[in-house]
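Everything on this sheet refers to the single structure shown next.
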Amino acid sequence: MSLPLAASLALPACKRIEGSVEKPVLPLVLRGGRVFFNDRWQTLDVGIDEAGKLRFAGDFRGLETIDVTGRVVSPGFIDILADNSTEPENTFQIFEKYKITDGVTTALQMHGGSANCGAYYKHFAGVPHAINYGVSTFVMAIRAGAGGRRVIEKNLDEGALGVSHSLEYQPAPYAEMLEYAKLAKKYERPMFLHLRYSSSEKELDGVDEAIRLARESGARVHIDHLHSTGGTFHMDQALEKIRSANAEGLSITTCVYPYSYWATYLSNNRFANGWQQRYRLSYSDLTIVGSSERLTARTFAHYRKSSRLAAVPEGTMPLDKTVDLALKEDFCMIGSDGGIQFEPRANSHPRGAGCFATAIRHALDTGLPLEKIIQKMTLLPRSVVHPALKDRGILEDGAIADLTVFDPQTIRGNATIENPNQFSSGIDLVIVRGKIAFRDSNLLAKHGSAIKA
């Protein structure tokens, strides 16, 4: 005799049979994994009920039990700075395939987004998703048109997760930016900023501007990829400014990706006249991503017209002087700022496919505690996109069962500049909304859903 499956938040009552107590039955149990639970590492069984919720209390058994001994069971990784295109459905399929094999269960486009969030969510609701998805309101695509403020408010009313703008790529007056920040505050959504400057001489001015926006609007402000825009040359000073601002009661967070080089489209403002002096680079330092082709003055001009993505040399942003300093701060998390482009010749930074496995490998190799780097990929992003992510990014009874199971010995990102579309190693199992979505290198069910405010 067996009990019915759990159908509510409460575990089914145990029933005594011939002097014994039958264990509650759950659809899925992960047995014997390492879990950071109640502020300490434990070997703990993780149950998932019929509603796709986590269960830790009680002695239960599973209709399906997976032995994950020696593996870490983590909340699914949350990429708050994913660059998932809003183009045709097969773009999502390629994008999500690489994200889920990097352990990502939720990818949010908060650096960009959509100019029409209501239409975006409506359209993609009809597309099967391997992972959860969501967008911010994309100021860059709105402000040049009529009714900018009205359109932004409409997007926020229709579920946009925040307000985003990239000041370096599309400069806007401070007064205009303050209005956007006030809208973010009105709707209690975060404001995501790619800062105005990335040169050695002026990068800290961009940090000051972000702090001023937070102070004068009351909005929560997130600074995108601080080590490539705002703290490349003066990371210690940038962090001190943010630390001091938070100490006075402001709410400022930031993110980094675990690579020592950046890449961006040759057509954008970062490569406007004077870029060699700003970044201390030459044509031959630039490589077309997805190849080993180094640029010349002639090919630079050619690719600038066709908007190809170029990478700067490794070591341009030394990890020990940028990323490692930032990751010591409680307000800094991991965000890929990376997309996936069409196969077979991808032209996207390796961070799109390998950011999270690379971050864990880097943390383990440099002595950052495993629980700290996991928190920077789960709990911290959850706190920024709140309350939309309130039931994700955390291991507790009743939370949504978005989970990533990995081997800490073998986990690593394999994507490179020459071949950016490569799966990460060491990710054994990914569960999205209580269903197995990736297992033993195989993509399975698609149960991802929209994340809306």
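Nothing fancy with the numbering, it's 1 onward along the sequence.
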Practice item. Under the side chain to side chain contact (heavy atoms under 4.5 Å, CB included) rule, what do His111 and Ser136 come out as? Steps first, then yes or no, please. Key: CA-CA 8 Å; His111 183 3; Ser136 63; over 6 Å; no

Between atom [atom1] of [X] and atom [atom2] of [Y], what is the distance when rounded to the nearest 0.5 Å?
X	Y	atom1	atom2	value
Leu161	Phe192	CG	CZ	9.0 Å
Ile417	Tyr259	CD1	OH	10.5 Å
Thr105	His447	OG1	NE2	14.5 Å
Arg220	Thr253	CZ	OG1	8.5 Å
Asn246	Ser251	CG	OG	6.5 Å
Trp262	Tyr279	CH2	OH	5.5 Å

Under 3.5 Å, side chain of [X] to main-chain N/O of [Y], donor-acceptor pair present?
X	Y	answer
Ser260	Gly315	yes
Tyr121	Ile451	yes
Thr404	Ser74	no
His362	Leu368	no
Asp402	Pro75	no
Ser164	Gly112	yes
Thr287	Ala310	no
Tyr133	Phe124	yes
Lys99	Thr106	no
Lys435	Ala445	no

Less than 3.5 Å apart, any donor N or O on the side chain of [X] or [Y] sitting next to an acceptor on the other?
X	Y	answer
Tyr180	Ser217	no
Asp224	Thr229	no
Tyr303	Glu293	yes
Glu240	Ser244	yes
Arg189	Thr137	no

Exercise for review: Decide yes or no on side chain to side chain contact (heavy atoms under 4.5 Å, CB included) for Leu379 and Ile394, but give the supporting numbers first.
Suggested key: CA-CA 6 Å; Leu379 193 62; Ile394 192 168; 4.2 Å; yes

Check your understanding: Do Arg351 and Tyr257 meet the cation-pi criteria used here (NZ or CZ under 6.0 Å from the six-membered ring centre, within 45° of the axis)?
Key ->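 Yes, a cation-pi geometry.
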
Check your understanding: Should Lys446 and Glu96 be marked as a salt bridge (charged side-chain N to carboxylate O under 4.0 Å, His left out) after you check the CA-CA gap, both sets of side-chain angles, and the distance that decides it?
Key -> CA-CA 10 Å; Lys446 292 186 176 182; Glu96 293 183 350; 5.8 Å; no

Check your understanding: With side chains defined as the heavy atoms from C-beta onward, is the minimum distance between Phe56 and Gln42 less than 4.5 Å?
Key -> no

Practice item. Taking the side chain as every heavy atom from C-beta outward, state whether Arg392 and Asn132 have any pair of such atoms under 4.5 Å apart. Key: yes

Minimum heavy-atom separation for [X] and [Y], please, with both atom names.
X	Y	answer
Gly426	Thr410	CA-OG1, 3.5 Å
Gly118	Asn155	N-OD1, 4.3 Å
Cys355	Asp102	N-OD2, 3.2 Å
Ile66	Ile436	CD1-CD1, 3.8 Å
Glu168	Ser198	OE2-OG, 2.6 Å
Asn414	Gln422	O-NE2, 3.0 Å

Point to revise | Lys/Arg N to Asp/Glu carboxylate O, Arg31 vs Asp45, below 4.0 Å | key: yes

Review point. Salt bridge check: are Glu64 and Arg439 linked by an N-O gap of less than 4.0 Å?
Key: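 Answer for the salt bridge query: yes.
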
Point to revise | Stepwise side chain to side chain contact (heavy atoms under 4.5 Å, CB included) test for Val384 and Met333 | key: CA-CA 10 Å; Val384 173; Met333 63 202 74; 3.5 Å; yes

Point to revise | Asp330, CG: over 12 other non-hydrogen atoms inside 6.0 angstrom | key: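 Atom CG in Asp330 is not crowded, with 12 or fewer foreign heavy atoms closer than 6.0 Å.
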
Review point. What residue among His165, His222, His225 forms ring pair (Phe, Tyr, Trp, His ring centres under 6.0 Å) with His194?
Key: His225

